[in-house]
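Structure first, commentary second.
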Amino acid sequence: MRKNIKKFAGIVLCIGMFTGCAQTPDSSLVKPKGSKAVDAYTEADDVSGSKGEASESKNDDGSESKTTIRNLIDAPQNYKSHVEDDSAKLVVNTDASVEIPEVEKISAISVTAAEVTQELLDRITNAFFSEAKLYTLDSYYVKTKDEIKKTLDELKEDVANGNLDPYNYGTDDDGNYVYDIYEDIETWEQEYETAPEKKTLTEAKPVAGNYFSCIAQMSDDSQYYYMISSDGSDTLSVKIKKAANKGGEKIPEDAMWCDYGYSEEEEKPTEESIGLSLDEAKKLVKEKVEKMGITDLQFSNWNYAVCKSFEGDNSSGNFGNGYRIDYARTINGVPVTQTIADGGALEDMDSTMETWSYESLCFYVDKDGIESMTYSNPYTIGNIKTENLNLLSFSEIMKIYEKMMVVTNADNMQYENSRVYNIDRIVLGYARIYEPSTDAHTGILIPVWDFFGSMTSESEYNGETESNTSKDPNESFLTINAVDGSIIDRNLGY
């Protein structure tokens, strides 16, 4: 079906809208964060007789066993609990595996934003597009007079036939068409006056420090959007997304890849429906990461993925199945825990503060190969601030968790009939925190606890009960500083 494309709107990726939260509504948990918090951290071995001191033990065969973090904080392999608020409308069911790195200590480590060099950009470009032609978007998507005339003829024919909503955008609450065909005709007539007779493609290449966007034309006639920017909360943002398959078959402009679980309506993908095994997908990504020369990130996790498109009838349809594959850092055996939050949100919409999003490297892969890649905000690892952190015991963390799941949801329960959490993973790993008001591009890696699972809520709207389910495997419903028990807002990054 023909489509009215005026402007390239950027790479469409499946992202969430994140806003800042108020401070923790419990004074005992409002504590210094960022570097101010680290100044108060103590070495585990500095506390006489503390749980942080290493202890000697023997295995059954008489060999010495290592005292791991799990032993030191007395954490089980699995944890179960049930918590309700006073109204019993909020329920938190926990039946979770407890994932803890097999290490003897965890450090606090400084990090800074890595320098964006021309060498890095050249490696990325060569890894994906060594044999491609890179054309500027302006030159590639410019409409010729003949193309505009064809669109105008079709729109005017729609008007003559009484079809004032050719793209099925529907009407607003007042019954007016969302799409104004007369305004669109007028716009195209204005563009026709300055449109070229034919396209003149302009080649380009990314240059460090400059915004860059292009279409990469491959030898098999497939095409990719390729964009590089350093803007807002991103010190570097590289986005690559397939625009056309082999032979030049266009992919809907609004097609977006999302993790399976993002919507309740999806049928779970399988290797058979994808047409590619997970091992094959991981191999493709590993080869690409090696070509990019990114040696400090490793495979961290994966999920099934689906590609959605609204083109045609304005209703979401499955456009394909695949895998999401993520890479992250592991430092001295402790991985950086990944969540759906990007870490660069503002506390309020009026804030002018400079912010900094988390480091990330993400791929979407299907039977045809890598469909999408994003690489953002690489870190430079700095000095160790505290070598062997004194961590709160697991039981202390669970008391904070069970209390704060109720406290942080109190506002929601004023508007909802019920809200039920089912937590199935409790994870100890690194998170980067920082103080954007002091230094927007310097932070600290500290150990935190994240709580993953699903949430279902019910509320009334116009006399009808509506149900909403969130089951993204990477959504952390609460993040607790493992050292001092303070609550960290994943969206804000502190």
Side-chain angles (χ1 to χ4, degrees), residues 11-18 93 95-97 99 239-242 245 251-252 254-286 288-289 299-312 315-328 335-342 358 360-376 420-427 429 450-457 466-477 490-491:
I11 296 176
V12 182
L13 295 171
C14 187
I15 59 175
M17 297 294 290
F18 298 118
N93 295 313
D95 186 354
S97 60
E99 301 175 15
K239 298 180 180 180
I240 294 171
K241 179 178 179 286
K242 185 180 284 187
N245 292 313
I251 294 173
D254 70 344
M256 63 176 73
W257 280 95
C258 302
D259 285 14
Y260 168 72
Y262 180 77
S263 168
E264 298 178 60
E265 302 172 356
E266 302 155 353
E267 182 177 344
K268 186 175 183 178
T270 63
E271 285 196 356
E272 289 73 21
S273 68
I274 295 170
L276 182 79
S277 72
L278 174 61
D279 286 343
E280 290 170 324
K282 289 167 67 175
K283 182 181 178 183
L284 287 174
V285 170
K286 184 174 185 292
K288 196 65 69 176
V289 172
F299 168 77
S300 58
N301 56 43
W302 71 277
N303 187 29
Y304 288 116
V306 294
C307 186
K308 295 285 189 178
S309 172
F310 290 84
E311 186 175 273
S315 63
S316 177
N318 191 324
F319 193 70
N321 293 331
Y323 304 95
R324 171 176 171 149
I325 295 177
D326 288 283
Y327 272 53
V336 175
T337 303
Q338 293 175 283
T339 73
I340 62 173
D342 70 4
Y358 300 130
S360 66
L361 177 59
C362 169
F363 296 82
Y364 286 100
V365 186
D366 68 5
K367 61 181 175 58
D368 295 321
I370 294 173
E371 297 291 315
S372 171
M373 187 279 286
T374 59
Y375 177 48
S376 304
V420 178
Y421 288 94
N422 289 294
I423 303 300
D424 56 21
R425 291 177 61 226
I426 301 173
V427 179
D450 282 290
F451 299 82
F452 299 94
S454 64
M455 183 276 292
T456 300
S457 63
E466 292 189 349
S467 179
N468 175 62
T469 297
S470 177
K471 55 180 180 179
D472 190 307
N474 290 323
E475 181 174 7
S476 175
F477 293 110
R490 276 282 187 176
N491 298 320

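All values reported here derive from a predicted model rather than from experimental measurement. As a basis for the values below, the full set of heavy atoms in this structure was taken, side chains included, without hydrogen atoms, waters or symmetry mates.
Taken from CD in Gln338 to SG in Cys362, the straight-line distance is 8.5 Å, to the nearest 0.5 Å. The distance from atom NZ of Lys308 to atom CG of Asp254, rounded to the nearest 0.5 Å, is 12.0 Å. We find the CD1-OG distance between Ile325 and Ser300 to be 10.0 Å, quoted to the nearest 0.5 Å. Rounded to the nearest 0.5 Å, atoms OG (Ser454) and CG (Asn93) are 9.5 Å apart. Considering OG of Ser97 and CD1 of Ile426, their distance stands at 7.5 Å, rounded to 0.5 Å. Summarising the geometry, atom CG belonging to Asp450 is positioned 11.5 Å from atom CZ belonging to Phe477; distances are rounded to the nearest 0.5 Å.
Looking at every heavy atom in both residues, Trp257 comes nearest to Ser372 through CD1-CB, 4.5 Å. Looking at every heavy atom in both residues, Lys242 comes nearest to Ile370 through CE-O, 4.4 Å. The shortest non-hydrogen separation linking Ala305 to Pro269 is O-CG, 3.8 Å. Here the closest heavy-atom approach between residue Thr339 and residue Ser476 is recorded as CG2-CB, 3.9 Å. The minimum heavy-atom distance linking Thr337 with Phe452 is given by the pair CG2-CZ, 3.9 Å. Shown here for Arg490 and Tyr358, the closest heavy-atom pair between the two residues is O-OH, 2.8 Å.
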**Request:** Walk me through it: do Met373 and Leu361 pass the test side-chain contact (heavy atoms from CB on, under 4.5 Å)?
**Result:** CA-CA 7 Å; Met373 187 279 286; Leu361 177 59; 3.9 Å; yes
**Request:** Dump the intermediate steps for side-chain contact (heavy atoms from CB on, under 4.5 Å) on Cys307 and Glu371, then the final yes or no.
**Result:** CA-CA 10 Å; Cys307 186; Glu371 297 291 315; over 6 Å; no
**Message:** Assess the residue pair Val289 and Phe363 against the criterion (side-chain contact (heavy atoms from CB on, under 4.5 Å)); give the C-alpha distance rounded to whole Å, side-chain angles, the decisive distance to 0.1 Å, and a yes or no.
**Reply:** CA-CA 10 Å; Val289 172; Phe363 296 82; 3.7 Å; yes
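Exactly one of Trp302, Tyr304, Tyr364 qualifies for a side chain to side chain donor-acceptor pair (under 3.5 Å) with Asp259. That residue is Tyr364.
Not a single donor-acceptor pair under 3.5 Å links the side chain of Thr456 to the backbone N or O of Val420. The closest donor-acceptor contact from the side chain of Lys241 to the backbone of Ala255 lies under 3.5 Å. Between the Tyr323 side chain and the Leu276 main chain, a donor and an acceptor come within less than 3.5 Å of each other.
Cation-pi geometry between Lys282 and Phe299 is met: the NZ or CZ atom falls under 6.0 Å from the ring centre, inside 45° of the normal.
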